[in-house]
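One-based numbering, in listed order, for ligands and for the atoms of each.
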Amino acid sequence: MDKLLIQGGVPLSGDVAISGAKNAALPILCACLLTSEPLQLTNVPHLNDIATMLRLIGQMGVEVTMDGNDGLILDSRGLNNPLAPYEMVKTMRASILVLGALVARCGEARVSLPGGCAIGARPVDQHIKGLQAMGAEVGVEHGYVHAKASRLKGARIVTDMVTVTGTENLMMAAVLADGETVIENAAREPEVVDLANCLTAMGAHIVGAGTDLIVIQGVERLHGATHAIMPDRIETGTYLCAAAATGGSVRLTQTSASYLDAVIDKLREAGCEIACTPNEIALKAPARLKAVSVRTEPYPAFPTDMQAQFMAINSVADGTALIRETIFENRFMHAVELIRLGANIKLDGNNAVVTGVPRLDGATVMATDLRASASLVIAGLIAQGETLIERIYHLDRGYERIEEKLARLGASVRRVR
Ligand code: EPZ
């Protein structure tokens, strides 16, 4: 299994381009199930999770054609198998995103119930509750969610908590429903807006995406469209943290600061100089960061997908930071690995107290989930000596060509067996 070997201590510098967003591309790939006409996508990142989703919709009868370096043409005219098998869903929870679109288009879907994952139990009860409110018969049989509806009906849905893929699934179900659907307490994440923009280009009627109240007028059918996937704000935030923690100076291109206010505010509070233009973010780090406390909450507050990276940068900052994780119940797995590199971290339930130390020392560590692996990469770039990160398949799920991009910024990173 691949590992990543990092020789730390090099301040990152130079330019690097950000890829399309994994968490926008995944639901948008599922949107192709809603029409029998081709959906043409650009800025699609090359990631393991994207490849898994393409295999999943491919086995349902969708024709997938590569179009240039980062493009895809998805044609679901031949959609004939509304089934998401366990073997595929177990490798990627986001497979649940096919559920709403399949019931809306085919009147039926069988989707393996995603199990828990490293960061939490992550149930999908809100996805099911919303579909039932729209008149679907939904049952769980032999580990599969089985949903049926001759045609979904518009409904008023209030989700018990803010759920990103829940909002996306119900939005995709509602665009072909009979009547008006209102989603209250909806997720406001930029990826929800990017999906809504793609669906609108396909002929859907959606108002309020990006707010906590989304109103969808169902239509008889959707048509084909062309859509460019938004830049990945979490990949952007990860590179900003890597530059900040190594005392570097970088410019990120093909991205946008408008989705990252909470993260950029915190990096400025830590002492970074940050300049933003419409598609670029430049960061110049101070000699030593100041410790900054963060509390994860749904967008537009500080994202849980940046929590691990901030634990890494606080591990060498001046002072003590409190990190509070309010979204997932088990998202501190990276802390024990950072401690192996010499960090001073005290865990107490969903709180972590990080007291900055003058330096980290390279060691062998293990990645446990996608963002935990990103925090270990940052720590490895900071640490004196060599750091070997095991199980980097987690990293490949969400970071495109990471060692190539880091090498472009002057880092000494290579993949080893
Ligand atoms: C999305 O996951 C992202 N994944 C996650 O990114 C991200 O961490 C998360 O949103 C929060 O921002 C994708 O977009 C593919 P939620 P999602 O439903 O939609 C509970 C990454 O690193 N909940 O918003 O699965 C749930 O357990 C990944 O790229 C229910 O209880 O997250 C959690 O505690 C990791 N019942 C909270 O709500 C439900 O039916 C928020 O989860 C749904 C959710």
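Distances between N or O atoms of Lys22 and those of ligand 1 include at least one value under 3.5 Å. Checking only distances, Leu97 never comes within under 3.5 Å of ligand 1, N or O to N or O. For the pair Leu26 and ligand 1, the shortest N or O to N or O distance does not fall below 3.5 Å. The shortest N or O to N or O distance between Glu168 and ligand 1 is not under 3.5 Å. The N/O atoms of Arg122, backbone and side chain alike, include one that comes under 3.5 Å of an N/O atom in ligand 1. Here's the thing with Thr165: one of its N/O atoms is less than 3.5 angstrom from an N/O atom of ligand 1. Ligand 1 has no nitrogen or oxygen under 3.5 angstrom from a nitrogen or oxygen of Glu329.
Salt bridge annotation for Asp2-Arg415: present, with a cationic side-chain nitrogen under 4.0 angstrom from a carboxylate oxygen. Taking the charged nitrogens against the carboxylate oxygens, Arg295 and Glu297 do have a contact shorter than 4.0 Å, which makes a salt bridge. Glu191 has a carboxylate O that lies under 4.0 Å from a charged side-chain N of Arg233, or vice versa, which qualifies the two as a salt bridge. Between Glu180 and Arg156, no side-chain nitrogen of the basic residue sits less than 4.0 Å from a carboxylate oxygen of the acidic one, so the salt-bridge criterion is not met.
At a 4.0 Å heavy-atom cut-off, ligand 1 touches Ile327 through backbone and side chain alike. Heavy atoms from both the backbone and the side chain of Val164 come within less than 4.0 Å of ligand 1. Contacts with ligand 1 closer than 4.0 Å are made by side-chain heavy atoms of Met161 only, the backbone lying farther away. Only the side chain of Arg371 comes within contact range of ligand 1, with a heavy atom under 4.0 Å; no backbone atom does. With a 4.0 Å cut-off on non-hydrogen atoms, Thr163 touches ligand 1 through its backbone as well as its side chain.
Between Phe302 and Phe310, the distance from one ring center to the other falls under 6.0 angstrom.
In this comparison of Met92, His394, Arg331, Glu235, the heavy atom closest to atom 35 (C) of ligand 1 sits on Arg331.
A pairwise comparison of heavy atoms in Pro45 and Ala21 identifies CG-C, 4.3 Å as the closest pair.
Every residue was checked against the ring-ring contact (aromatic ring centres under 6.0 Å, His included) condition with Tyr399, not counting sequence neighbours, and none meets it. For Arg122, there are no salt bridge (Lys or Arg N to Asp or Glu O under 4.0 Å) partners at least two apart in sequence or on another chain.
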